[in-house]
Each structure stands twice: as C-alpha cells, then as structure tokens.
Amino acid sequence: MANAQERVFSGVQPTGNLHLGNYLGAIKRFVELQDRFDCLYCVVDLHAITVWQDPAELKRSIREVAAAFLAAGVDGEKHIVFNQSQVPQHAELAWVFNCVARLGWLNRMTQFKEKAGKDRENASVGLYAYPNLMAADILAYRATHVPVGEDQKQHLELARDIAQKFNNDFAASIAEHGLAEKFFPLPEPLIAGPATRVMSLRDGSKKMSKSEPSDASRINLTDDADQIAQKIRKAKTDPLPLPEAVEGLKDRPEADNLVGIYAALADSDPAGVLAEHGGSQFSQFKQALVDLTVAKLSPITAEMKRLVADPGHIDRTLGRGAERAEAIASETMGDVKDILGFVRRT
Ligand code: AMP
Ligand code: TRP
C-alpha cells in the first residue's frame, strides 16, 4: 500500500495538441506511479488562461486531457483526476505564495522568458506568476513527488524554495499551532527515463511542443496510424546508420531522439534498443518505430475517442475528483490561515 506520507501530484495544461512528449514525459509515468503512491492528476485550466484561450476550445481541451489520462490507464476511482478551477484552494494558496516568492526568484524563470518573448510588457501578470500557482497546486496536497518532463525542473525548484521559505518564515506560528515543523514537504521532481525531453521530429534541437506551428514536428495523441507513419518516415535524420553503442548518439540529436522514443515506448533503454537495432539504416529502424508507436498509441487514441464522445461521463469523473481533492486542499488551506494569523469563521 502507498505510504500515507507520500503523495504524487502532477498537472497537464489543456491547451490543445497533446503529443508524444506529453505522453512519454508525463502521462505514461503517471500511470506507472499508481501502484506506489496515492496520486492526484490535474487538468490545469487556471494555468492555461495565462495565455489567450478560446472558451469553447478550452472546454473541449479540458475534457480531452482528462480523457487522455483515463485512456492511458489512470484510475480515476482509486486516484484523483480533476480540473484545477473546480478547487478554489489552488488560486487561494497561490495568492499566499505570491506573497512568499520573491521577484528575483521569478525573474530567473526561463520558461517565462521564452513564452513572453520580446513583447514582455504585453505578457499577462498570470504568465509571470504561474510558477507560484504551480507550487500551490502541489503544496495544497502536501505532495511529495511530482512526475514531469525536464522542462519543468526549474519550476519544481521554485516550489521547493517556496515551501522552505514558508516553513522558515512561519516556524514559530507552525509550532504554536502544534503542526509539523516541515509543514510543507519539499516536493521531489520525478524526472527520469529515456524520454524526459522528446524533441521535434523536424529539428532535433527543439523540444516537441503543443504550440509549434508545424504539425509534422510532433505526433499528436489524436493522430491515426497513417499520420503517425507519415510523420515518422519524414522525421529528420542524418545519413549514417544507427550506432552500435550509446556513445555513438552523441552529437546526433535526431538519432538520439528517435532511439529515446523507441526506448520509452518499449519500456527499455537506449542501450537495449541499440543492442537490437545498432547498425540498421534509418529506413529500417523507422519502420520498426512506426510499428511500435502505432501498437502503443492506437489503443489509447481509440479509448480517448470513445471517452470524449460522452462528455457527461468525463464531467462527472472530474466533478467527483474535484470534491475529493477539495477535501484535502481545504484542510491544508485552513492550517495555512491559522499559521498566517487570519481570523476564521467559527
Ligand atoms: P504541458 O503541455 O506544458 O502542460 O506539459 C505537460 C507535461 O508534459 C509536463 O510534465 C511537461 O514537462 C511534459 N512535456 C511537455 N513537452 C514535453 C516533451 N517534449 N518531452 C517530454 N515531456 C514533455
Ligand atoms: N506547469 C506544468 C506544465 O506546463 C503544468 C503544471 C501545473 C504542473 N501545475 C503543476 C505540473 C503541478 C506538475 C505539478 O507542463
């Protein structure tokens, strides 16, 4: 049984185009952790609106991400699946963390710099403060482990800094209320395996992303077998055959990426893949990769389709999940109010 003290939390933004990077870097790992931990998996819609979202598209996308969790094998009965906006404590705790985190800390966040681009003055305040909301997501449940892709590492470090500063700043009040000294645990990132950073199929130096204009750069979780085959066959490669050993993948970003994808899908590692395919031409290896990708993704794609066709069912799952999540988060938030010195309704 899961250790009562340990809890997993992770989130995925409902911003369209769920792709193979999201699956291998995050959702597949969510499924694997269910045997070892109590898990909360959240569709982070409050994060999505840090940049413009079309309302009808957002609603469709929230249900699609929930469907992807369930179709991939997340158990919404044993664990908790919900969308963030249904649990008000996320936004409430995020405000507290806006007052704990320092401007200097947020100024270092590379994702904000990338997303805001040159026109920083015109980025939303929410986009800037987003890592504080992410810390609130995790710490509202006092989660100890957070499975994410490599790109979230810096945000996780910020969440740890916030937890630590809160514990230190309010140590006296925490003790006075008879609460554990480490009121917030320092959440540990779980970033491991061969696909923590899946790269674009068109450019091995760029990560596979939802927002890249070229659809050929990514495999979407809604792509059918033909689309998957076409995209993998057209994927950029170099002219050499696959190396025999992993050292040979150095300075060959496209080869490294395809081998990493294969390894993750096959529950293997790059050395294992090269033991089988080292020396092959890409034409051959790509065909094996097409077969494997289609075999692994098509059952998930089909189940997602079935689930999104019944939005009522998804909405009920999310609603029940939100109720259970709120029961945990409201307890944390009550303690936080006591710690801060707020007067509470009696
Ligand atoms: P997002 O789409 O930004 O909400 O990301 C959802 C999850 O997928 C996060 O844990 C990300 O770190 C992960 N992720 C996004 N893109 C990739 C990628 N190209 N490779 C691996 N993981 C990714
Ligand atoms: N920021 C994450 C992303 O863009 C999504 C996210 C929001 C998240 N809150 C989280 C991930 C809490 C892990 C834990 O991918």
Side-chain angles (χ1 to χ4, degrees), residues 7-15 26 30 37-51 53 55 58-59 61-63 65-66 69 74 76 79-101 105-106 109 111-112 115 124-148 152 155-163 165-167 170 183-187 189 314-315 317-340 342 344:
R7 188 175 272 153
V8 161
F9 183 98
S10 195
V12 175
Q13 297 197 48
T15 43
F30 297 177
F37 296 95
D38 289 325
C39 305
L40 293 109
Y41 295 127
C42 185
V43 185
V44 288
D45 45 14
L46 297 175
H47 276 86
I49 61 164
T50 55
V51 296
Q53 301 298 326
L58 178 62
K59 184 167 281 182
S61 198
I62 291 167
R63 291 173 176 146
V65 174
F69 288 174
V74 169
H79 299 276
I80 298 180
V81 173
F82 69 108
N83 60 310
Q84 191 183 23
S85 60
Q86 294 207 58
V87 180
Q89 287 78 10
H90 290 248
E92 206 178 354
L93 187 57
W95 177 260
V96 175
F97 288 169
N98 284 344
C99 305
V100 172
W105 299 1
L106 288 174
M109 295 295 115
Q111 197 179 72
F112 173 76
K115 283 205 179 178
S124 74
V125 175
L127 188 67
Y128 183 75
Y130 150 133
N132 295 342
L133 176 60
M134 177 162 164
D137 299 339
I138 299 163
L139 296 173
Y141 305 95
R142 291 191 248 189
T144 50
H145 294 80
V146 184
V148 280
Q152 296 302 314
H155 293 156
L156 250 294
E157 279 158 14
L158 186 91
R160 293 168 64 90
D161 289 344
I162 289 175
K165 184 165 165 56
F166 184 95
N167 292 345
F170 295 101
F183 176 73
F184 285 125
L186 306 190
I314 293 181
D315 293 2
T317 304
L318 291 173
R320 274 201 309 275
E323 264 174 46
R324 291 162 61 206
E326 185 166 354
I328 304 170
S330 63
E331 206 168 299
T332 306
M333 201 58 220
D335 288 343
V336 167
K337 287 180 178 173
D338 287 341
I339 292 168
L340 292 168
F342 289 166
R344 289 170 71 186

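Positions are given from 1 along the sequence.
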If I take atom CG from residue L40 and atom NE2 from residue H79, how far apart are they, to the nearest 0.5 angstrom?
9.5 Å
Nearest heavy atoms of G76 and V81, plus distance in Å:
CA-CG2, 4.0 Å
List the steps and the verdict of ring-ring contact (aromatic ring centres under 6.0 Å, His included) for F112 and H155.
CA-CA 10 Å; F112 173 76; H155 293 156; over 10 Å; no
From CZ (F166) to CZ (F184), nearest 0.5 Å
5.0 Å
If you round to the nearest 0.5 Å, how far is CD1 of I49 from CD of Q84?
9.0 Å
Give the table of side-chain donor-acceptor pairs shorter than 3.5 Å for residues 125-134, with sequence neighbours excluded, one pair per line with atom names and distance.
unit_1	atom_1	unit_2	atom_2	d
Y128	OH	L103	O	3.4
Y128	OH	N107	OD1	2.5
Y130	OH	Q13	NE2	3.2
Y130	OH	Q111	OE1	3.2
N132	ND2	N98	OD1	3.0

Are any non-hydrogen side-chain atoms of V87 and Y141 less than 4.5 angstrom apart?
yes
Are any of the side-chain heavy atoms of V8 and F30 separated by less than 4.5 Å?
no
Might you point out which heavy atoms bring V44 and P14 nearest each other, and give the distance in Å?
O-CD, 3.3 Å
Minimum heavy-atom distance I80-G321, with the two atoms named
CG2-O, 3.3 Å
Does K59, at its NZ atom, have more than 12 non-hydrogen atoms belonging to other residues, nucleotides or ligands within less than 6.0 Å?
no
Output the distance between atom CD (Q53) and atom CD1 (I62), rounded to the nearest 0.5 Å.
9.0 Å
What verdict does the side chain to side chain contact (heavy atoms under 4.5 Å, CB included) test give for L156 and V148, after you've listed the backbone C-alpha separation in whole Å, the side-chain angles of each residue and the deciding distance to 0.1 Å?
CA-CA 9 Å; L156 250 294; V148 280; 4.2 Å; yes
Return yes if some donor-acceptor pair links the side-chain N/O of N83 with the main-chain N/O of V43 below 3.5 Å, else return no.
no
Would you check if the side chain of Q89 reaches a backbone N or O of M333 as a donor-acceptor pair within less than 3.5 Å?
no
Within the 4.5 Å heavy-atom criterion, are V96 and L340 side-chain neighbours or not?
yes
Atom of F9, atom of C42 and distance for their closest heavy-atom approach:
CZ-CB, 3.5 Å
Steps toward side chain to side chain contact (heavy atoms under 4.5 Å, CB included) verdict (T332, F183):
CA-CA 9 Å; T332 306; F183 176 73; 4.2 Å; yes
If every non-hydrogen atom of P187 is compared with every non-hydrogen atom of A143, which pair is closest and at what distance?
CB-O, 3.7 Å
Working to the nearest 0.5 Å, report the span between CZ of F97 and CG of D161.
12.0 Å
Taking the side chain as everything from C-beta on, heavy atoms only, tell me whether S85 gets closer than 4.5 Å to L46.
yes
Could you state the interatomic distance from NZ (K337) to CG (L93), rounded to the nearest 0.5 Å?
10.5 Å
Is it the case that the side chain of S10 and the backbone of P147 share a donor-acceptor pair, with hydrogens and angles ignored and the cut-off at 3.5 Å?
yes
Over all heavy atoms of both residues, which pair between L139 and P185 is shortest? Give the atoms and the distance, please.
CD2-O, 3.6 Å
For residues 129-142, which residue pairs pass the salt bridge (Lys or Arg N to Asp or Glu O under 4.0 Å) check, not counting sequence neighbours?
R142-D335
Is a side-chain donor or acceptor of T144 paired with a backbone partner of R7 at a separation under 3.5 angstrom?
yes
